[in-house]
Structure formats: structure tokens, C-alpha cells
Amino acid sequence: QVQLVESGGGLVQPGGSLRLSCAASEITLNLYTVGWFRQAPGKEREGLSWINNYDGIASYADSVLGRFTLTRDYAKNTVYLQMNNLKPEDTAVYYCAASASTASVGLDISRYNYWGQGTQVTVSS
């Protein structure tokens with residue numbers, strides 16, 4: 001069973017930064033579109049950002065545009081989500097997901113094949 005692994009979550013004060021990592025077993029993550037999602041207690045899962053497999057371009061939801069940056073380290077077969085200027089409303093469990101689709105995936109959850117277990121991000125003073 002393929003599973004992605006997120007890391008880098010933790011407790012940070014408002015205005016602070018965290019960098020989340022996404023790695024995978026059994027698949028070469030470089031070949032997959034990778035998306036980041038989050039889910040806060042009592043809320044639906046929210047799409048944040050994705051990076052294409054076919055051109056390497058990252059896109060962002062309005063809620064994180066300008067604060068979050070999604071990149072790949074191809075040598076490490078790892079995807080990073082750099083989160084800056086964090087706000088209390090960013091508190092959630094953050095998940096990465098991978099899609100093998102060669103077409104545009106976006107933040108359509110149904111298009112993602114593999115998911116991680118999530119990493120907790122808490123923004124609090």
C-alpha cells in the first residue's frame with residue numbers, strides 16, 4: 001500500500017513560519033502531481049496548493065496565496081510546503097496527496113490517489 005508521509009508540523013506563534021515535507025514510499029513522487037490540503041476540527045477538508053507533474057508549476061488557493069510556497073526537491077524526491085506569516089486560522093491537520101494523472105488535477109480531491117497520515121500545525125500565542 002502506497003502511503004505518503006508528511007513531516008514538519010508543530011506549534012508556532014502567529015506570524016511565524018513552518019516548512020512541511022511530503023515524501024513517499026513505493027512511488028517516485030517526482031512523477032506525480034502533489035497537492036496539499038488541511039482539515040480543521042469541525043470543518044471540511046480544504047485544498048491549499050498543488051504542483052503539477054507535467055510542468056512543475058505550483059498553484060495556490062486564495063486563502064494561502066502570497067504566504068505559502070510549494071516546491072520540489074527532485075534530488076530528494078520530496079515536496080515542500082513553506083508556510084509564512086502563519087495565522088491562528090491556519091491551525092489544522094495538513095495532508096499531502098499524490099495523483100498520477102497527466103492532465104490538470106488542481107484541488108479536486110477525487111483525482112488524488114494517495115494520501116499521507118497528516119501532520120498537525122498549531123498557530124497560537
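Given the structure is predicted, the values throughout are model-derived calculations rather than measurements.
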Could you check whether any side-chain N or O of Ser49 sits under 3.5 Å from a backbone N or O of Ser59, counting only pairs where one atom can act as donor and the other as acceptor?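 Here the side-chain-to-backbone pair exists.
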Do the side chain of Gln39 and the main chain of Val93 share a donor and acceptor less than 3.5 angstrom apart?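 No; judged by distance alone, with no hydrogens or angles, the pair does not exist.
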Residues in side-chain hydrogen bond (donor to acceptor under 3.5 Å, both in side chains) contact with [X], at least two apart in sequence or another chain:
| X | value |
| --- | --- |
| Ser104 | none |
| Thr122 | Gln120 |
| Ser124 | none |
| Asp108 | Ser110 |

Check: residues 24-33 side-chain donor-acceptor pairs under 3.5 Å, at least two apart:
unit_1, atom_1, unit_2, atom_2, d
Asn30, ND2, Tyr74, O, 3.0
Thr33, OG1, Asn53, N, 3.0
Thr33, OG1, Asn53, OD1, 3.4

Any pair with a residue in [range] that passes salt bridge (charged side-chain N to carboxylate O under 4.0 Å, His left out), sequence neighbours left out, goes on the list, sorted by first then second residue, please.
| range | result |
| --- | --- |
| residues 59-86 | Arg67-Asp90 |
| residues 44-53 | Arg38-Glu46 |
| residues 50-60 | none |

Should [X] and [Y] be counted in the same cluster of Ile, Leu, Val, Met, Phe, Trp and Tyr side chains packed under 4.5 Å apart?
| X | Y | answer |
| --- | --- | --- |
| Leu4 | Leu81 | yes |
| Leu65 | Trp50 | no |
| Leu107 | Leu48 | no |
| Val34 | Ile109 | no |
| Tyr80 | Tyr114 | no |

Scan residues 29-125 for pairs that pass disulfide bond (SG atoms under 2.5 Å apart), counting only residues two or more places apart or in two chains.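 Checked against disulfide bond (SG atoms under 2.5 Å apart) - neighbours excluded - the pairs reaching residues 29-125 are Cys22-Cys96.
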Does Tyr54 sit in a hydrophobic cluster with other residues, and if so which ones, taking ILVMFWY side chains as linked at heavy-atom separations under 4.5 Å, directly or through other members?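 Same cluster as Tyr54: nobody, lone residue.
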Identify the two heavy atoms, one from Ser125 and one from Pro14, that lie closest to each other, and give their separation to 0.1 Å.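 Scanning both residues completely, I find the closest heavy atoms to be N-CD, 3.7 Å.
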According to the interplanar angle, ranging from 0 to 90°, do the rings of Tyr95 and Trp115 count as parallel (below 30°), tilted (30 to 60°) or perpendicular (above 60°)?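 Tyr95 and Trp115: perpendicular rings.
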Side-chain contact test, heavy atoms from C-beta onward, threshold under 4.5 Å: evaluate it for [X] versus [Y] and give yes or no.
| X | Y | answer |
| --- | --- | --- |
| Arg111 | Ser101 | yes |
| Leu18 | Leu86 | yes |
| Glu6 | Leu20 | no |
| Ile51 | Trp36 | no |
| Val79 | Leu70 | yes |

Ser7: side chain to side chain contact (heavy atoms under 4.5 Å, CB included) partners, not counting sequence neighbours: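 For Ser7 the side chain to side chain contact (heavy atoms under 4.5 Å, CB included) partners, ignoring immediate neighbours, are Ser21.
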Hey, could you give me the OG/CE distance between Ser17 and Met83, rounded to the nearest 0.5 Å?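 Spacing of OG (Ser17) from CE (Met83) equals 8.5 Å.
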Which residues pass the ring pair (Phe, Tyr, Trp, His ring centres under 6.0 Å) test with Tyr112, sequence neighbours left out?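 Only Phe37 meet the ring pair (Phe, Tyr, Trp, His ring centres under 6.0 Å) criterion with Tyr112.
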